[in-house]
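Report on the following structure.
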Amino acid sequence: EDDAQPKDEL
Amino acid sequence: MNIFRLAGDLSHLAAIIILLLKIWKTRSCAGISGKSQILFALVFTTRYLDLLTSFISLYNTFMKVVYIGCAYATVYLIYMKFKATYDGNHDTFRVEFLVVPVGGLAFLVNHDFSPLEILWTFSIYLESVAILPQLFLISKTGEAETITTHYLFCLGVYRALYLFNWIWRFYFEGFFDMIAIVAGVVQTILYCDFFYLYVTKVLKGKKLSLPA
């Protein structure tokens with residue numbers, strides 16, 4: 001499962 | 001940043017501004033679901049709490065502030081300034097049927113069980129269905145003003161463009177966020193029926209009206 005990412009998207 | 005992402009953001013911005021201007025210029029929010037607008041304000045508020053914790057870019061911060069500001073301005077115009085024109089009798093979608101399950105799902109399916117991450121997940125899930133009160137209102141009244149359909153079109157196109165952005169990012173950056181992608185697909189599908197009506201009616205100069 002993918003990890004939490006910094007949210008650069010809006 | 002790629003062209004789909006930028007176009008998506010600008011489409012989103014256009015939608016928000018079209019709606020604000022429509023209400024402001026006509027001094028009326030007839031045909032607009034205040035409930036959907038409250039949900040969008042809630043979406044932006046819960047998603048952009050990271051404004052307080054991390055800086056990503058000037059673009060990122062600027063757009064977030066504009067989206068939040070416009071969302072609350074829209075809610076203010078509907079429920080305060082132009083309250084007399086608000087279509088409350090038709091805006092009867094039960095939002096608790098969206099917010100409660102979405103809140104539960106955000107607790108169960110998320111990337112990380114932390115407050116900010118759960119709120120972000122909540123906002124992603126909620127955004128995917130936040131337009132339902134607006135679509136419900138249109139189905140009840142059976143029609144929508146043309147400017148309202150332009151708003152909905154831009155809002156729907158925004159998430160569709162994000163889907164292309166995610167395909168792009170998967171191929172060129174190996175990036176994917178399953179929560180955002182699944183919710184984004186759901187969100188885009190909800191607009192398909194509307195897209196069909198927009199292309200077959202509004203773009204041919206007719207008003208959007210549904211059969212009785």
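Reminder, nothing fancy here: chain letters follow the sequence lines and each chain counts from 1.
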Might you confirm whether atom OH of B/Y59 has over 12 heavy atoms from other residues, nucleotides or ligands at distances under 6.0 Å? yes

Answer yes or no: does atom CG of B/L58 have more than 12 heavy-atom neighbours from other residues, nucleotides or ligands under 6.0 Å? no

For B/K140, look at atom NZ and say whether over 12 heavy atoms of other residues, nucleotides or ligands are found less than 6.0 Å away. yes

Between A/K7 and B/D177, is there a side-chain N and carboxylate O pair less than 4.0 Å apart? no

If I measure from the heavy atoms of chain A, does B/N60 come under 4.5 Å with its side chain, its backbone, both, or neither? both

Side-chain contact test, heavy atoms from C-beta onward, threshold under 4.5 Å: evaluate it for B/K64 versus A/L10 and give yes or no. yes

Is it true that atom OH of B/Y196 has more than 12 heavy atoms of other residues, nucleotides or ligands lying nearer than 6.0 Å? no

Tell me which one of B/R47, B/M1, B/R5 satisfies side-chain contact (heavy atoms from CB on, under 4.5 Å) with A/E9. B/R5

Are there over 12 heavy-atom neighbours, none belonging to B/F164, within less than 6.0 Å of that residue's CZ? no

Under 4.5 Å from any heavy atom of chain A, what part of B/F44 do you find: side chain, backbone, both or neither? neither

